[in-house]
Amino acid sequence: MSRLEPPKGMEDLLPAEVSRYRYVSEAFRRVAEGAGYREIRTPIVEDLRLFVRSLGEVTDVVQKEMFTVPRNEETLALRPEGTASVVRAYLGANLDKSRPFQKFYYDGPMFRAEQPQAGRRRQFDQCGVEALGSSSPLLDAEVMAVAMRSFAGMELQNFELRVNSIGDHQDRDRFREVLREHFRPVLAERCDDCKVRFERNVFRMLDCKVAGCQPSNRAAPHFLDNLSDTSRTRFDQTLAGLDALGVDYTVDPGIVRGFDYYTHTVFEVQCPDVGARSAICGGGRYDTLIHESGGPELGATGFAIGVIPVLVALSKQTRSTPLPGDPSLDVFVAAVTDDERVRAFQVADRLRAGGVVTDVDHEQKKLKAQFKSADRQGARLVIVLGPEEVASGSFKLRDLRHGEDLELPDDEQLVATVRARLHDTTTGGDQR
RNA sequence: GUGGCUGUAGCUCAGCUGGUUAGAGCGCCGGUUUGUGGCACCGGAGGUCGGCGGUUCAAGUCCGCUCAGCCACCCCA
């Protein structure tokens, strides 16, 4: 039998790695819940049309990065992002009619058939929030503050919020023409990708990294100077909201989102420690998506954090508290001979029932090797059960931190005794 | 889809201009301790050198193809 590998761009997460994922995810959840967001879970697979409609037919994600699943007459797709599903669920439950303003968060895997690279996989976890049913400019500021506070809670360093406004659809249509007028005379000097972008998505020309494209980019008109008065005002209100919360940010006219549903505020959180693509979070307002999805004209805003890029950044940074790896054991119950194995198994179970993290040997190891296992698993205490202990109804307890031995009666006080011992950090000294 | 780099023990890697039984560190198992971990010392297991083909008396080493991974471009969290 030949061994099979996981699909390209997907990976098995061994327990220590899962701990790191949870570290990021739990920091995010604490902040989101603390701000009144509640978890929503939607299917990982959706009708393909949901994404085509909300992301835009001509986006790369829809055109070439979708994992599709044919099923009878319909075509399903593995979700490439979370917003479309949340909006669908919101409308599906008629929340737009009963309680229009809703704040959700989600945390789960997304799928895009891209070429894997640093911080980028084909299956990747995203943590995000969606605040539906309000057009308040302050809500944009709140959402950005939640993202920033999440990163602070993870003890991430060296990250920066970059904000821009792309106005409403009228502003965009107008600015699209302004940009084309600017770029048309210099199109021949632009890179091949930009020539395609000129027709398909002029805005993308603004964040082209090719050196030859920089001069005409620097001279390019700014979106912010071409916004309508009302759009400009609401952007200023959002920025004032960030100021009021003391959130640091940079207004960056180069921030452009990839999906069609964005309006007004768009933002990224960037951290250069990730690699070439430094965004660890992207988001913004989408005031027309609810309506375009068959609902009323209600505004919405949100973001998604890329868990993998965050982990890449965290692992490159030196920090006061190390990222969690494997958890450690409270107690290991060792059996001296095979005759005490069942008894050890029983004692371990009593400890577990009492909330003590406990393990026993399952490999028929000799006592010495059992101690090694205990040590490797980070056990604080080892209980030794041998013929003598069984005969006298007692057990030996060794504190691995001090190398100290105790002999105690094996009675109904076992769990309490062990727990007291675990909480006692003052006994003995570190004699290693 | 395009380009660059890398594939040698479980992991990280060394193997000079092709030359006898392919190495190290860490990890693993055992011993020094008839019932006691971490440290030290000793010993052991573990590799069809990514795969296929070619050149050669001889290939881990050279050539071709292929697969995989990583990084970068496009795009995006």
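Below, read A as the first sequence line, B as the second, and so on, with proteins coming before strands; counting in each chain starts at 1. Heavy-atom basis, side chains included; hydrogens, waters and symmetry copies ignored.
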Check this for me: does any side-chain nitrogen of one of A:R29 and A:E39 sit under 4.0 Å from a carboxylate oxygen of the other? yes

A:R121 vs B:C70: side-chain N/O to OP1/OP2 distance below 4.0 Å: yes

Between A:Y37 and A:E142, do the side chains contain an N or O donor and an N or O acceptor separated by less than 3.5 Å? yes

What integer number of Å spans the C1' atoms of B:U17 and B:C29? 41 Å

I'd like the C1' distance from B:G47 over to B:U55, given in whole Å. 26 Å

Would the base of B:G37 count as contacting A:R376 through its side chain, where contact means a donor and an acceptor less than 3.5 Å apart? no

Reckon A:G128 touches a base, only the sugar-phosphate, or nothing at all at heavy-atom distances under 4.0 Å? nothing

Separation of A:M205 atom CE from B:C74 atom P, in whole Å? 13 Å

Side-chain donor/acceptor contact of A:Q63 with base of B:G1 under 3.5 Å: no

Using distance alone, with no hydrogens and no angle criterion, decide if A:H169 and A:T288 have a side-chain donor and acceptor under 3.5 Å apart. yes

Please tell me if A:K396 has a side-chain N or O lying less than 4.0 Å from either OP1 or OP2 of B:U36. no

Decide yes or no for A:S231 and A:H264: does some side-chain heavy atom of the first lie under 4.5 Å from some side-chain heavy atom of the second? yes

Can you check whether A:F28 and A:Y105 have ring centres sitting under 6.0 Å from each other? yes

Using the P atoms only, state how far B:U66 lies from B:C71, rounded to an integer number of Å. 23 Å

Between B:A72 and A:Q117, is there an OP1 or OP2 to side-chain N/O distance shorter than 4.0 Å? yes

Nearest-Å distance for atom pair NZ/P, residues A:K64 and B:G1: 10 Å

Want to settle it: does A:A118 or A:N201 sit nearer the 5' end of RNA chain B, counting the closest nucleotide to each? A:A118

With side-chain contact (heavy atoms from CB on, under 4.5 Å) as the test, pick out the partner of A:L351 among A:V333, A:D359, A:V360, A:D330. A:V333

Side chains of A:S394 and A:S392: do they bring a donor and an acceptor to under 3.5 Å? yes

Pairwise C1' distance, B:G46 and B:G3 [rounded to whole Å]: 38 Å

What integer number of Å spans the P atoms of B:A14 and B:C75? 36 Å

Rounded distance (Å) that lies between atom C1' of B:G1 and atom NZ of A:K8: 12 Å

Would you say A:R120 places a side-chain N or O within less than 4.0 Å of OP1 or OP2 belonging to B:C75? no

Answer with yes or no whether A:Q270 presents, from its side chain, a donor or acceptor under 3.5 Å of a partner atom in the base of B:A77. no

Dot-bracket for RNA chain B, please, read 5' to 3', with Watson-Crick or G-U wobble pairs under 3.5 Å on both distances, ( ) within the strand, [ ] crossing, | other strand, . unpaired. (((((((..((((.....[...)))).(((((.......))))).....(((((..]....))))))))))))....

A:D60 atom CG is separated from B:C75 atom P, nearest whole Å, by 7 Å

Any donor-acceptor N or O pair under 3.5 Å, side chains A:S328, A:R380: no

Can you tell me, in whole Å, how much space there is between the P of B:A40 and that of B:U61? 38 Å

I'd like to know if A:R88 pairs up with A:D47 as an ion pair, taking the criterion as any Lys NZ or Arg NE/NH1/NH2 lying under 4.0 Å from an Asp or Glu carboxylate oxygen. no

Would A:T250 and A:E160 count as a side chain to side chain donor-acceptor pair (under 3.5 Å) here? Give the steps. CA-CA 8 Å; A:T250 306; A:E160 186 191 21; 2.9 Å; yes

Between atom CG in A:L406 and atom P in B:U36, what is the gap in whole Å? 18 Å

Using the C1' atom in both, what is the distance from B:G15 to B:C49, to the nearest Å? 10 Å

For the residue pair A:R180 and A:F198, would you count it as a cation-pi contact if the rule is NZ or CZ under 6.0 angstrom from the ring centre and within 45 degrees of the ring axis? yes

Categorize A:E389 for me: base, sugar-phosphate, or nothing, with a 4.0 angstrom heavy-atom threshold over every strand shown. base

Short N/O separations, protein against nucleotides 30-32 of chain B, under 3.5 angstrom:
from  : atom 1 : to     : atom 2 : distance (Å)
B:G31 : OP1    : A:K366 : NZ     : 2.3

Spacing between A:L14 atom CG and B:G10 atom C1', to the nearest angstrom: 12 Å

For B:G60 and B:U33, measure between their C1' atoms and round to the nearest Å. 43 Å

